[in-house]
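Some notes on the structure that comes next.
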Amino acid sequence: MATNSIFFGNPVPSSLATRGRVEKQWLRHFSVRTKPMYLRLSNGYRARAALGADLKAVEIPRQWYNLIADLPVKPPPYLHPKTLEPIKPEDLSALFPDELIKQEASTEKFIDIPDEVLDVYSLWRPTPLIRAKRLEKLLDTPARIYYKYEGNSPAGSHKPNTAIPQVWYNAQQGIKNVVTETGAGQWGSSLAFACSLFGLGCEVWQVRASYDQKPYRRLMMQTWGAKVHPSPSNITEAGRKILQMDPSSPGSLGIAISEAVEIAATNADTKYCLGSVLNHVLLHQTVIGEECLKQMEAIGETPDLIIGCTGGGSNFAGLSFPFIREKLNGKINPIIRAVEPTACPSLTKGVYAYDYGDTAGMTPLMKMHTLGHDFIPDPIHAGGLRYHGMAPLISHVYELGYMEAIAIPQTECFQGAIQFARSEGLIPAPEPTHAIAATIREALRCRETGESKVILTAMCGHGHFDLPSYDKYLQGNMVDLSFSEEKIQASLANVPQVLA
């Protein structure tokens, strides 16, 4: 075994060998494989957006983009929860493989995507940029609406963009098992899919509210070989403590993170994977924005407004960060708008402070917009957005003034989703309905002002496994859940007091 490598275990397999194994596993049930058209219109049929454009020039990006390299002020460091000193790489080694720790702290502008990861990406990337002409017509707006659609991945969302590299780096270091949390199940199913390709064991703690609301996501994870537990559970000390306080707890992403981290920290052959929040996760998602920049350039469009939903922030960062780079370079000047649920408004109602990323206080302290790590949001249908904090890097970008944020209630989001589905044909997951609702708001403003703005929005996944939520809306049984000021203030009182 080579001693000059950070990887341990089996030698890195060749790109050709990996591709062959991946394609056999994924394609064996299909007689025909077609590559997706990456640039499409929705004017009655899927068609290329601009005849004569050099569409073949857009390929899967070969590098991830690191926004930290271009920021004039670097983000605050993570702190060790006991010493309150900046985290050292060795402090993270119990949870993550070496290469992901390097990426988490990296200030390099671009990081090469391994060939083995690109091989798997090619199963669904590049993803389509679609002009929503039918929605434009329905709204009678002069605005031109485009959406970047990530729902054609095997797991149905943007989450495999980071699940694949995370599992691959773990496999190269000889790790046998990975554990994680999931809300709506999009991240958990993506990690289960990735583990099935690279031969790792996968164990998932799914937030109880989503575990009950979305049984097919659980079945999806199990189909790909994962063990799935509702969170809070009696398996971990963190889960047992929550259940003692509230036996009917709906759970939260913060609680599920605590449970997964506890298992990883106490088992030498197991590492932890996270679907959002951390820098390396946001880094991997920038394939979305890098593709989209070139796709919009191919049709001669420049966005005036970029909209994405935010929970932990990975989808939003993936689309917006490459555009923020161009904005910093003076090439474009779009408004960049994050949209969060009114029931969990970390950006619009939280405080910018050092806080734990999980409920039990097992993670490093991160400076972020937070509602307090004890905050347990009401069980809204957008389970992927029920997180008490915002990604530290997005929080930093927000503080620097490069983006703005709004919060929208879920009934308005589902109203927009129905309009979108009945005009565009795609049924959105509950999470991107927030971005759709904000897009519709802006398009209607354009109808009043006569502005022909170019609106770009992130459609990060389909809602095929979220139909019970649609049923609740269509039956008139969905209500808007809002945060309680008293509840938030009680949670914020427990945020660690760190001078920074």
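Quick note: numbers below take in every heavy atom, side chains included, and nothing from hydrogens, waters or symmetry partners.
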Inset, instruction - From the options Lys453, Arg445, Glu451, select the one residue that forms a side chain to side chain donor-acceptor pair (under 3.5 Å) with Thr449. - result: Glu451
Legend entry - Gln295 and Tyr146 side chains, donor-acceptor separation under 3.5 Å: no
Inset, instruction - Please assess Gln186 against His158 for the test side chain to side chain donor-acceptor pair (under 3.5 Å), listing each intermediate value before the final yes or no. - result: CA-CA 8 Å; Gln186 292 177 337; His158 66 293; 5.1 Å; no
Inset, instruction - Take atom OH of Tyr216 as the centre, draw a 6.0 Å sphere, and report whether it contains more than 12 heavy atoms from other residues, nucleotides or ligands. - result: no
Inset, instruction - Kindly check if the number of other-residue, nucleotide or ligand heavy atoms within 6.0 Å of CD (Glu108) is above 12? - result: no
Legend entry - Verdict with supporting geometry, Lys148 and Thr127, side chain to side chain donor-acceptor pair (under 3.5 Å): CA-CA 7 Å; Lys148 178 70 165 162; Thr127 58; 2.9 Å; yes
Inset, instruction - Grab the two heavy atoms, one from Gly312 and one from Ser276, that are nearest each other, plus how far apart they are. - result: C-OG, 3.1 Å
Inset, instruction - Kindly assign one of parallel, tilted or perpendicular to the pair His280 and Phe96, based on the angle between their ring planes and the thresholds 30° and 60°. - result: perpendicular
Inset, instruction - Verify ring pair (Phe, Tyr, Trp, His ring centres under 6.0 Å) between Tyr352 and His396, making sure each step is shown before the conclusion. - result: CA-CA 9 Å; Tyr352 185 50; His396 183 62; 7.5 Å; no
Legend entry - Close side-chain approach of Phe323 to Glu326, heavy-atom, < 4.5 Å: no
Inset, instruction - Decide whether Glu290 and Thr286 meet the rule of one side-chain donor and one side-chain acceptor closer than 3.5 Å. - result: no
Legend entry - Candidate list Glu340, Glu404, His369, test side chain to side chain donor-acceptor pair (under 3.5 Å), partner Thr348, passing option: Glu340
Inset, instruction - Give a yes-or-no answer on whether the side chains of Thr180 and Trp187 include a donor-acceptor pair shorter than 3.5 Å. - result: yes
Legend entry - salt_bridge(Asp112, Arg62) N-O dist < 4.0 Å: no
Inset, instruction - With the side chain counted from C-beta on, respond yes when Ile87 and Pro77 share a heavy-atom pair under 4.5 Å apart, and no when they do not. - result: no
Inset, instruction - Classify the angle between the aromatic ring planes of Phe193 and Trp124 as parallel (below 30°), tilted (30 to 60°) or perpendicular (above 60°). - result: perpendicular
Inset, instruction - Evaluate side chain to side chain donor-acceptor pair (under 3.5 Å) for Tyr121 paired with Glu116, printing each intermediate quantity in order. - result: CA-CA 9 Å; Tyr121 277 179; Glu116 292 83 356; over 6 Å; no
Legend entry - Arg125 and Glu150 ion-paired at < 4.0 Å: yes
Inset, instruction - In plain terms, say whether Asp98 and Lys102 are close enough for a salt bridge, that is, a side-chain N and a carboxylate O under 4.0 Å apart. - result: no
Inset, instruction - For the pair Tyr65 and Asp70, evaluate side chain to side chain donor-acceptor pair (under 3.5 Å) and give the outcome as yes or no after the intermediate values. - result: CA-CA 10 Å; Tyr65 167 62; Asp70 286 326; 2.6 Å; yes
Legend entry - Modelled atom types, side-chain donor and acceptor of His373 and Asp355, under 3.5 Å: yes
Inset, instruction - Begin from the C-alpha positions of Tyr147 and Phe420 and carry the test ring pair (Phe, Tyr, Trp, His ring centres under 6.0 Å) through to its verdict. - result: CA-CA 11 Å; Tyr147 60 97; Phe420 187 89; 5.0 Å; yes
Legend entry - Arg131/Glu136 ion pair, N-O < 4.0 Å: yes
Legend entry - Carboxylate-amine/guanidinium contact Lys133 Glu424, below 4.0 Å: no
